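Atoms considered below: every heavy atom in the structure, side chains included; atoms not considered: hydrogens, waters and symmetry mates. Please read all numbers here as calculations on a predicted model, not as lab measurements.
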Amino acid sequence: MQKNGRILIVDDNKSVLSSLRLYLKHKFEKVTTCSNPNQIPALFAQEDFDVVLLDMNFTAGTNSGNEGLFWLKEILNLSPQVPVILITAYGDVQLAVNAMKEGATDFVLKPWDNKKLLVTLQNAITLRQTRKEVKDLKQQQEQLQKDLNQGFDAFLGNSPAMGKVFQTIQKVAQTDANVLILGENGTGKELVAREIHRLSLRSKRIFMGVDMGALSESLFESELFGHCKGAFTDAKEDRQGRFQTASRGTLFLDEIGNLSAAMQAKLLSALQNREVTPLGANKPEAIDVRLVCATNKKLVEMVRAGDFREDLLYRINTIQIQLPPLRDREQDVLLLARYFLGLFSERYGKLLQKLSRDAEAQILKYAWPGNVRELKHCMERAVILSDGREIEAGDLFLNSTEPAVDLGSQPMSLEEAEQVLIRNAMKRHQGNISSVAKELNIGRQTLYRKLEKYSI
């Protein structure tokens, strides 16, 4: 029979500690005893206890119970979810009842009945597990609500290239195989991940997306694996990581190619062992997630160059889906443009009904280097600025008769080429720093420095 539960017993009477330890050590996972309550904070820093048995008085000749009340509050401050059971003499029953109003879970009388004590502790462990499940569920619901409030575009396409993508999604969705989605920025990699989740056996569970490119080394473990209260300066409470929050659901790791070597190693370890250890914890937690990753980088080339771990690539790449750029989806361009026209016309209360022929021709002529994301932003801007009943070519501001600068068409230095790339990206994204940094595969701070350097 598996023994569950980590018990902390705090009593100044060493014979009481010895008796309780001898009786309980074969019935629970771990029993820790402590005769000096001043050691409680240090013990909680080392161990995550499921139940605390706490004496009411620790100073000889004292029976007010104030010491027990003080340490009860300290324990609940250290770990609000842990049940505290008071050990008290018969004459202190009223004091114990009052202590329960301060947060104690139950009390046992000295001398205790072993069977009753065992039942009380087992009930307390069940309560602890229930509290943890409720807390975890609350965090999952909060994350799910944030996720739902974001809003996402429809997943559309009639082109042969997208037909292949849809077929692969249908085949892989109801398995638990890890999926790697490749494609340029703006092609809809997250939409593919969400469609896989929607069609999967985990569809009733949470879909959790993480932008790996936005995670710093210092936040990586806390964000993905969670942390315990006090693990670092700002850790005010226990917090689930994304792996735990996405339990039994789908975890989507976007921009997986941006991970440093150290971050790759930590992620690989978690995936191989199917468990994570929160920062500040001593015990790993099992994880159960469907993993979907995405990147616009060429991971095979990165492996050859030593920039990406080959074993991690094999781990995340059971099934690979290559998303085509919008320029290879000619049949889908107007379909998507009309969809976005309807979406933004409704959102902004416009009576726009269609695209003019000139607008359609310009949309088809344009190369869409920013892919579906650029088309979406273009249509939103056109809807906002249009004063007519249809979108005219001039509302699009595409200037398709003036193609983007061909970097190979004229001699220029590396810095001049970099300026052109940044200026074009800034124009496409209307100065949105996050979008420009993502397209250029550089950090926001790096982009700011280059903007200042080139006076853009």
Any donor-acceptor N/O pair, [X] side chain to [Y] backbone, under 3.5 Å:
{"X": "Thr130", "Y": "Thr126", "value": "yes"}
{"X": "Asn178", "Y": "Thr318", "value": "no"}
{"X": "Asn273", "Y": "Ser269", "value": "yes"}
{"X": "Arg242", "Y": "Gly209", "value": "yes"}
{"X": "Gln244", "Y": "Gly241", "value": "yes"}
{"X": "Arg205", "Y": "Gly249", "value": "no"}
{"X": "Arg290", "Y": "Ile196", "value": "no"}
{"X": "Arg21", "Y": "Val31", "value": "yes"}
{"X": "Glu275", "Y": "Pro284", "value": "no"}
{"X": "Asp395", "Y": "Ser386", "value": "no"}

Presence of salt bridge, [Y] and [X], under 4.0 angstrom:
{"X": "Glu190", "Y": "Arg194", "result": "yes"}
{"X": "Arg338", "Y": "Glu360", "result": "yes"}
{"X": "Arg315", "Y": "Glu310", "result": "no"}

Q) Going through the distances and angles, do Thr187 and Leu326 end up as a side chain to side chain contact (heavy atoms under 4.5 Å, CB included)? A) CA-CA 7 Å; Thr187 49; Leu326 190 55; over 6 Å; no
Can you name the residues that form a salt bridge (Lys or Arg N to Asp or Glu O under 4.0 Å) with [X], not counting sequence neighbours?
{"X": "Lys350", "value": "none"}
{"X": "Asp211", "value": "none"}
{"X": "Asp328", "value": "none"}
{"X": "Asp48", "value": "Arg6, Arg128"}

Q: Give every residue pair that meets the ring-ring contact (aromatic ring centres under 6.0 Å, His included) criterion with at least one member in residues 368-388, sequence neighbours excluded.
A: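 Sorted pair list: Tyr366-Trp368.
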Q) What ring-ring contact (aromatic ring centres under 6.0 Å, His included) pairs are there with at least one residue in residues 167-200, not counting sequence neighbours? A)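 Residue pairs passing ring-ring contact (aromatic ring centres under 6.0 Å, His included), neighbours aside: His197-Phe207.
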Atom [atom1] of residue position [X] - does it have more than 12 heavy atoms of other residues, nucleotides or ligands inside 6.0 Å?
{"X": "Arg357", "atom1": "CZ", "value": "no"}
{"X": "Glu330", "atom1": "CD", "value": "no"}
{"X": "Gln331", "atom1": "CD", "value": "yes"}
{"X": "Phe70", "atom1": "CZ", "value": "yes"}

List for me each residue that meets side chain to side chain contact (heavy atoms under 4.5 Å, CB included) alongside [X], sequence neighbours excluded, and say none if there are none.
{"X": "Glu237", "answer": "Arg239"}
{"X": "Thr120", "answer": "Ile85, Asp106, Val108"}
{"X": "Ala305", "answer": "Asp307"}
{"X": "Leu127", "answer": "Pro83, Thr105, Arg131"}

Which heavy-atom pair separates [X] from [Y] by the least distance, and what is that distance?
{"X": "Leu268", "Y": "Leu312", "answer": "CD1-CA, 3.9 Å"}
{"X": "Ser79", "Y": "Phe44", "answer": "CB-CE2, 3.8 Å"}
{"X": "Val276", "Y": "Ala270", "answer": "CG1-CB, 3.8 Å"}
{"X": "Ile125", "Y": "Asn4", "answer": "CD1-O, 3.8 Å"}
{"X": "Leu72", "Y": "Leu54", "answer": "N-CD2, 3.8 Å"}
{"X": "Met208", "Y": "Ala246", "answer": "CB-CB, 3.7 Å"}

(Q) Going by the rule side chain to side chain donor-acceptor pair (under 3.5 Å), which residues pair with Arg309 if we only count those two or more places apart in sequence or in a different chain? (A)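 Listed in chain order: Asp311.
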What distance separates [X] [atom1] from [Y] [atom2], expressed to the nearest 0.5 Å?
{"X": "Phe28", "Y": "Ile7", "atom1": "CZ", "atom2": "CD1", "answer": "4.5 Å"}
{"X": "Leu271", "Y": "Lys266", "atom1": "CG", "atom2": "NZ", "answer": "14.5 Å"}
{"X": "Phe308", "Y": "Asn258", "atom1": "CZ", "atom2": "CG", "answer": "10.0 Å"}
{"X": "Lys438", "Y": "Ile442", "atom1": "NZ", "atom2": "CD1", "answer": "14.5 Å"}
{"X": "Leu182", "Y": "Glu184", "atom1": "CG", "atom2": "CD", "answer": "11.5 Å"}
{"X": "Leu201", "Y": "Asp176", "atom1": "CG", "atom2": "CG", "answer": "7.5 Å"}

Q) With distance as the sole criterion, is a donor-acceptor pair present between the side chains of Thr245 and Gln240 under 3.5 Å? A)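 There is such a pair between these side chains.
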Q | Side-chain donor-acceptor contact under 3.5 Å, Lys189 with Asn296 | A |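 Not at all, the side chains of Lys189 and Asn296 share no donor-acceptor pair under 3.5 Å.
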Q.
Go through it in stages, so that I can follow the logic: the residues are Glu217 and Ser260, the test is side-chain hydrogen bond (donor to acceptor under 3.5 Å, both in side chains), and I'd like the CA-CA distance, side-chain angles, deciding distance and then a yes or no.
A. CA-CA 8 Å; Glu217 293 261 4; Ser260 68; 2.4 Å; yes
Is there a side-chain contact between [X] and [Y], using heavy atoms and a 4.5 Å cut-off?
{"X": "Val10", "Y": "Ile40", "value": "yes"}
{"X": "Arg423", "Y": "Arg428", "value": "no"}
{"X": "Glu285", "Y": "Pro278", "value": "yes"}

Validation: residues 159-173 side-chain donor-acceptor distances under 3.5 Å, sequence neighbours left out:
from: Ser159; atom 1: OG; to: Met162; atom 2: N; distance (Å): 3.3
from: Ser159; atom 1: OG; to: Asp332; atom 2: OD2; distance (Å): 2.6
from: Thr168; atom 1: OG1; to: Lys164; atom 2: O; distance (Å): 3.0

(Q) For a side chain to side chain contact (heavy atoms under 4.5 Å, CB included) check, start with the C-alpha distance between Leu8 and Ile75, then their side-chain angles and the critical distance, and finish with the verdict. (A) CA-CA 11 Å; Leu8 172 62; Ile75 291 169; 5.8 Å; no
Q: Test Lys30 against Glu47 for salt bridge (Lys or Arg N to Asp or Glu O under 4.0 Å), laying out the working first.
A: CA-CA 10 Å; Lys30 186 175 182 180; Glu47 185 77 60; 2.8 Å; yes
Q) Going by the angle between their ring planes, with limits at 30° and 60°, are Phe243 and Phe225 parallel, tilted or perpendicular? A)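 Ring orientation, 0 to 90° scale: tilted.
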